[in-house]
Protein chains: 2
Amino acid sequence: MTAYPHAMPAVPARPDDLTAKARIRNAALALFAGGGYDGTTMRAVATAAGVTVGLVVHHYGTKERLRDAVEDLIVAAFTEATASVKIVGSGRDIGAARDRNVAQMLASNTAMVDYLRRTILDPNDRGVLLNRLADLAAANLQELRAAGLTASRRSTAEQVAAVLTAQIGQLFLQPMVDRTVTHFGESDPPRIVVRLER
Amino acid sequence: MTAYPHAMPAVPARPDDLTAKARIRNAALALFAGGGYDGTTMRAVATAAGVTVGLVVHHYGTKERLRDAVEDLIVAAFTEATASVKIVGSGRDIGAARDRNVAQMLASNTAMVDYLRRTILDPNDRGVLLNRLADLAAANLQELRAAGLTASRRSTAEQVAAVLTAQIGQLFLQPMVDRTVTHFGESDPPRIVVRLER
DNA sequence: CAGTTCGCTGTATGTTCGTACAGTCCTTCG
DNA sequence: CGAAGGACTGTACGAACATACAGCGAACTG
């Protein structure tokens with residue numbers, strides 16, 4: 001499942017357990033998510049990780065390569081969330097289980113959601129991360145198809161888009177609804193539902 | 001309708017017709033939309049507007065006040081789009097006509113859409129612009145209510161959230177779908193539909 | 001136990017930023 | 001004509017930035 005022959009045990013890591021390199025990457029994710037890539041300085045990352053700027057440069061070379069590491073982490077999280085679903089039952093059930101795992105993973109990773117929202121919705125972005133997630137979704141789809149578990153008449157592109165919007169579309173718009181409702185002094189905001197129509 | 005006693009004629013303005021102050025504001029909108037507020041320099045705004053940095057400062061004082069002017073322009077566009085609908089017919093029809101006008105206004109204003117997406121979805125944003133648009137929608141709703149044209153059992157907050165998501169929610173997510181579909185070499189992407197559920 | 005690697009620090013450098021400001025041109029008005 | 005005000009330019013400056021780099025100490029390795 002993971003790339004490691006000796007997989008890490010599923011023990012929640014204490015901050016002290018992490019290497020400085022991992023702490024830097026995690027701090028970068030949190031800060032990029034909160035203040036954006038441009039709005040985050042290498043010094044801020046270093047401070048948040050409890051190290052000096054020099055060490056950040058030492059480990060990642062440039063700010064851009066630090067961002068690459070952050071995006072690798074996100075893609076890995078999606079990969080693990082979907083790969084842990086066994087290929088048994090109907091294609092529909094497997095897809096639903098994958099969606100559930102991704103939703104659960106994102107629910108406990110606010111920073112990832114915020115980072116994704118910033119990056120994917122950015123019209124200026126090169127779209128690398130979105131494409132990587134799309135490729136992952138397509139590969140998952142292909143796996144079902146190879147097992148003869150899907151008989152959708154929709155194209156791959158359309159199915160992938162449907163999966164992605166289902167997995168993350170709602171997360172992107174929900175804050176807007178929440179803030180609007182809160183602005184009028186109400187709580188218990190309604191849920192956003194995103195669908196694809198042809 | 002407009003604040004001007006002698007309203008401007010509905011003639012599309014040529015760039016040369018605009019004052020430098022307006023050109024600066026328009027350039028700022030386009031650049032903020034494309035590269036974000038932080039990612040846009042005063043020098044870039046000046047160059048895009050065909051003036052010097054000094055003049056930008058002369059007219060707007062600070063970068064933040066330049067952003068205020070940009071947001072004023074957006075709120076004015078929403079105001080005019082909704083105010084031009086006469087209060088005749090059913091409340092539902094009036095609401096639909098307003099939505100149509102806003103959609104049309106946004107369709108011809110890519111920069112505004114991009115700016116709104118950036119600003120409203122930014123979790124770090126103070127939410128001023130979203131609140132102004134929410135207040136505008138609420139005022140429009142109140143207008144219908146005062147005329148006895150609406151009998152919704154939904155709260156104001158919920159109705160406003162519904163209006164805003166209908167007006168701009170789809171515009172925010174559509175680029176993601178478009179890019180995903182394009183990534184797989186297809187054209188004719190499906191449409192996003194956003195709904196509120198309780 | 002010497003040698004080498006590696007995590008890590010502190011400082012320096014060149015660039016780019018927002019903003020300040022002195023001054024020039026041009027229009028308006030008495 | 002001459003003063004005043006506003007649009008506009010060009011330069012300057014301090015702060016903050018990403019990055020480079022020399023050096024230090026502890027931990028491995030043979």
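Below, read A as the first sequence line, B as the second, and so on, with proteins coming before strands; counting in each chain starts at 1.
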Toward the 5' end of DNA chain D, by each residue's nearest nucleotide, A:Gly54 or A:Met42: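 It is A:Met42 whose nearest nucleotide is closer to the 5' end.
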Nearest to side-chain heavy atoms of [X], which nucleotide of [options]:
X	options	answer
A:Ala20	D:dA18, C:dC8, D:dA7	C:dC8
A:Arg43	C:dA12, C:dG18, D:dA7	C:dA12
A:Leu55	C:dG7, C:dG18, D:dC8	C:dG7

Would you classify B:Val51 as touching base, sugar-phosphate or nothing, given that sugar-phosphate means primed atoms plus P, OP1 and OP2, and contacts are heavy atoms under 4.0 Å?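 Sugar-phosphate only.
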Which is true for B:Thr41 with a 4.0 Å heavy-atom rule: it touches a base, it touches only sugar-phosphate, or it touches nothing?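 Answer is sugar-phosphate: B:Thr41 comes under 4.0 Å of backbone atoms only.
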Within a reach of under 6.0 Å around CZ of A:Arg92, are more than 12 heavy atoms found that belong to other residues, nucleotides or ligands?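 No, because the 6.0 Å sphere around CZ of A:Arg92 holds 12 heavy atoms or fewer from other groups.
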Test side chain to side chain contact (heavy atoms under 4.5 Å, CB included) on B:Asn109 and B:Ile74 and set out the steps. CA-CA 10 Å; B:Asn109 263 297; B:Ile74 293 176; over 6 Å; no
Quick one: A:Lys21 NZ to C:dC8 C1', roughly how many Å, whole number?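 So the two atoms are 14 Å apart, to the nearest Å.
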Shared hydrophobic cluster, B:Val163 / B:Val193 (ILVMFWY, side-chain heavy atoms < 4.5 Å):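 Different clusters: B:Val163 never reaches B:Val193 through Ile, Leu, Val, Met, Phe, Trp or Tyr contacts under 4.5 Å.
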Taking NZ, NE, NH1 and NH2 as the nitrogens, is one of them in A:Arg132 or A:Asp135 under 4.0 Å from a carboxylate oxygen of the other?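 Result for this pair is no, no salt bridge flagged.
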Would you mind checking if A:Asp114 and A:Arg117 are paired as a salt bridge, meaning a charged N to carboxylate O distance below 4.0 Å?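 Result for this pair is yes, salt bridge flagged.
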Residues of residues 60-74 of chain B with any non-hydrogen atom less than 4.0 angstrom from an atom of DNA chain C: list those, numerically ordered, please.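 Correct list: B:Thr62, B:Lys63.
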Starting from the 5' end of DNA chain C, give me the residue, B:Asp38 or A:Val53, whose nearest nucleotide shows up first.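 This one resolves to A:Val53.
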At less than 4.0 Å, is any side-chain N or O atom of B:His58 found next to OP1 or OP2 of C:dT19? Yes or no.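 So the side chain of B:His58 is outside the cut-off, no N or O lying under 4.0 Å from OP1 or OP2 of C:dT19.
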Using a 4.5 Å cut-off on heavy atoms from C-beta on, say whether the side chain of B:Thr150 contacts that of B:Leu141.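 B:Leu141 vs B:Thr150: side chains apart.
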